[in-house]
Amino acid sequence: QVQLVESGGGLVQAGASLRLSCVASGRTFRIYAMGWFRQAPGKEREFVAAITRTSGTTSYADSVKGRFAISLDNAKNTVYLQMNSLKPEDTALYYCAADFHGTYTSQYDAWGQGIQVTVSS
């Protein structure tokens, strides 16, 4: 089992920055990649960003490219999401996820509980 715990969310004004963190524990050797997703009220959950554990290859949704940056500290089993130039449309519940099989573009195996990010205009 892998457990994921997010932190760092909150309420900010448009244009501000936030950094989300997600600490993985348990059988972390199983993790191939980690990602961030978000779900706004009344909308489906959507992919935000992902990073592979060994090569550090990153992938981003078009809506966050140039504003968000994902990074991984393997020694701490922690993935970060630096969010800059936040917009009200970034308001959502953000989830951390772990991929065990190399399917990080389509499928994840473990999920965190989610953390709220609210951006006021």
Side-chain angles (χ1 to χ4, degrees):
Q1 292 279 44
V2 171
Q3 294 79 40
L4 304 172
V5 178
E6 304 98 336
S7 62
L11 170 64
V12 296
Q13 290 189 331
S17 298
L18 272 179
R19 188 177 80 158
L20 303 182
S21 301
C22 173
V23 179
S25 61
R27 304 180 74 181
T28 57
F29 64 88
R30 300 185 67 185
I31 297 174
Y32 178 89
M34 295 188 75
W36 288 95
F37 289 74
R38 66 187 182 186
Q39 187 169 17
K43 295 187 177 181
E44 293 188 354
R45 185 168 59 192
E46 64 174 0
F47 169 77
V48 175
I51 185 167
T52 61
R53 195 172 187 183
T54 52
S55 67
T57 300
T58 58
S59 179
Y60 294 94
D62 287 343
S63 59
V64 306
K65 280 181 182 175
R67 299 189 299 123
F68 290 11
I70 189 170
S71 60
L72 181 62
D73 185 333
N74 281 314
K76 295 182 179 180
N77 289 316
T78 301
V79 63
Y80 303 96
L81 185 67
Q82 178 66 44
M83 305 185 292
N84 300 323
S85 302
L86 282 162
K87 305 175 181 179
E89 50 264 44
D90 294 318
T91 294
L93 193 58
Y94 283 72
Y95 295 90
C96 173
D99 158 41
F100 301 160
H101 302 104
T103 58
Y104 66 97
T105 59
S106 60
Q107 185 175 344
Y108 283 76
D109 302 286
W111 294 85
Q113 294 295 313
I115 191 160
Q116 182 67 38
V117 172
T118 303
V119 184
S120 63
S121 57

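Note that these values count all heavy atoms, side chains included, but never hydrogens, waters or copies made by symmetry.
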(message) Looking at Ser7, is its backbone amide N or carbonyl O close enough to the side chain of Ser21 to form a donor-acceptor pair, meaning the two atoms are under 3.5 Å apart?
(response) no
(request) Identify the two heavy atoms, one from Asp99 and one from Gln107, that lie closest to each other, and give their separation to 0.1 Å. (result) OD1-O, 3.9 Å
(request) Could you tell me whether the side chain of Phe68 reaches within less than 4.5 Å of the side chain of Leu86, counting heavy atoms only? (result) yes
(request) Using atom types as modelled and distance alone, determine if a side-chain donor or acceptor of Arg67 lies under 3.5 Å from a backbone N or O of Ser85. (result) yes
(request) Please determine, by modelled atom types, if Asn84 and Arg19 share a side-chain donor-acceptor pair under 3.5 angstrom. (result) no
(message) Go through it in stages, so that I can follow the logic: the residues are Leu20 and Tyr95, the test is side chain to side chain contact (heavy atoms under 4.5 Å, CB included), and I'd like the CA-CA distance, side-chain angles, deciding distance and then a yes or no.
(response) CA-CA 10 Å; Leu20 303 182; Tyr95 295 90; over 6 Å; no
(message) What's the separation between atom CD1 in Ile31 and atom CG in Asn77, rounded to the nearest 0.5 Å?
(response) 6.5 Å
(message) If hydrophobic clusters are built by linking Ile, Leu, Val, Met, Phe, Trp and Tyr wherever their side-chain heavy atoms come under 4.5 Å apart, do Val79 and Tyr104 end up in the same one?
(response) no
(message) Side chains of Ile51 and Thr57, heavy atoms from C-beta outward: is any pair under 4.5 Å?
(response) no
(message) Within the 4.5 Å heavy-atom criterion, are Ser17 and Gln82 side-chain neighbours or not?
(response) yes
(request) Report yes if the side chains of Leu81 and Met83 come closer than 4.5 Å at any heavy-atom pair, otherwise no. (result) yes
(request) Check whether any side-chain heavy atom of Leu4 sits under 4.5 Å from a side-chain heavy atom of Met34, and report yes or no. (result) yes
(request) Measure from the side-chain N and O atoms of Arg30 to the backbone N and O of Gly26, and report whether any donor-acceptor pair falls under 3.5 Å. (result) no
(request) Answer whether the closest heavy-atom distance between the side chains of Ile70 and Tyr60 falls below 4.5 Å. (result) yes
Please tabulate, for the side chains in residues 110-121, all donor-acceptor contacts under 3.5 angstrom to protein atoms that are two or more places apart in sequence or on a different chain.
residue : atom : partner : partner atom : Å
Gln116  : NE2  : Ala92   : O            : 3.4
Gln116  : NE2  : Thr118  : OG1          : 3.3
Ser120  : OG   : Val12   : O            : 3.4

(request) Please report the closest heavy-atom contact between Thr52 and Ala33, naming both atoms and the distance. (result) CA-CB, 3.8 Å
(request) Determine yes or no for a side-chain-to-main-chain donor-acceptor pair under 3.5 angstrom, with Thr28 supplying the side chain and Ser25 the backbone. (result) no
(request) Compute the ring centroids of Phe47 and Phe37, then answer whether they are less than 6.0 Å apart. (result) yes
(request) Please report the shortest heavy-atom distance between Tyr108 and Ala50, naming the atom on each side. (result) OH-CB, 3.3 Å
(message) Using only atom types and a distance under 3.5 Å, with no angle test, would you say the side chain of Thr78 pairs donor to acceptor with the backbone of Lys76?
(response) yes
(request) Give the cluster check for Tyr94 versus Val2: same hydrophobic cluster or not, with ILVMFWY residues linked at side-chain heavy-atom distances below 4.5 Å. (result) yes
(request) Give the intermediate values and the outcome of side chain to side chain contact (heavy atoms under 4.5 Å, CB included) for residues Asn74 and Arg53. (result) CA-CA 7 Å; Asn74 281 314; Arg53 195 172 187 183; 3.0 Å; yes
(message) If you apply the rule side chain to side chain contact (heavy atoms under 4.5 Å, CB included), what do you find for Val64 with Glu46, and how did you get there?
(response) CA-CA 12 Å; Val64 306; Glu46 64 174 0; over 6 Å; no
(request) Indicate, with yes or no, if Tyr80 and Leu72 share a hydrophobic cluster defined by side-chain heavy-atom contacts under 4.5 Å among Ile, Leu, Val, Met, Phe, Trp and Tyr. (result) no
(message) Whether Asp90 and Lys87 form a salt bridge (side-chain N of Lys/Arg under 4.0 Å from carboxylate O of Asp/Glu) is what I want to check.
(response) no
